[in-house]
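Single-structure report; data block below.
Only this structure's heavy atoms are used, side chains among them; waters, hydrogens and symmetry mates stay out.
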Amino acid sequence: MAISTGDTLPDVNLIRLGAEGPEAVSLSSLTKGRKVVIFAVPGAYTPTCHSAHVPSFIRTKGEFDAKGVDEIICVSVNDPFVMKAWGEATGATEAGLTMLSDAGSEFTKAIGMDFDAPPAGLIARSKRYAMYAEDGVVKVLQAEENPGLCEVSGGEALLASL
């Protein structure tokens, strides 16, 4: 069953590439007592993710800051090396977005947002969504019906829902 509004985010570890290499990041530590936006993409460098989804949160970062959002986190099932490179390539890192890896799909599966699309070469991927959470509790969740679209899960759409 997919996560929904009012649910508490699972206590799982995501991975980021730190100065010493890959390091685990506890989702509960990122969300405890904080207002966060988490958006997920089916894959780094894939067309909609690269040209629409990430740029929408870069464009709206300042507006989320003004609404008191402490952090905007992009999650993908790619490895942390790819996430670091993708953050640099898109300007997301420079804009202040946090790029985290869910390489084993632990978080994605725990919230019921996993899918497979073998014809496209996408196995154990995340559905496209955006959520706003306060102190680890989901307050707004907007998921796309089609992973190739970025309409309800884009930065502007989520911002309009806050």
For Y129, the option from I111, V41, I3 that meets side-chain contact (heavy atoms from CB on, under 4.5 Å):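 Going through I111, V41, I3 one by one, the side-chain contact (heavy atoms from CB on, under 4.5 Å) with Y129 is satisfied by I111 alone.
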So do [Y] and [X] actually touch side chain to side chain, heavy atoms under 4.5 Å?
| X | Y | answer |
| --- | --- | --- |
| F81 | S101 | no |
| L158 | F39 | no |
| T5 | Q142 | no |
| V140 | S161 | yes |
| F57 | F64 | yes |

Under 3.5 Å, side chain of [X] to main-chain N/O of [Y], donor-acceptor pair present?
| X | Y | answer |
| --- | --- | --- |
| S56 | G155 | yes |
| E134 | K139 | no |
| D70 | V36 | no |

Pair T108, D102: side-chain N/O donor-acceptor within cut-off below 3.5 Å: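 Note: T108 and D102 side chains meet the donor-acceptor criterion.
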Rounded distance (nearest 0.5 Å) linking atom OG1 of T90 with atom NE2 of H53: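 The OG1 atom of T90 sits 12.5 Å away from the NE2 atom of H53.
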Verify same cluster id: I58, Y132 (apolar side-chain graph, 4.5 Å):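 Same cluster.
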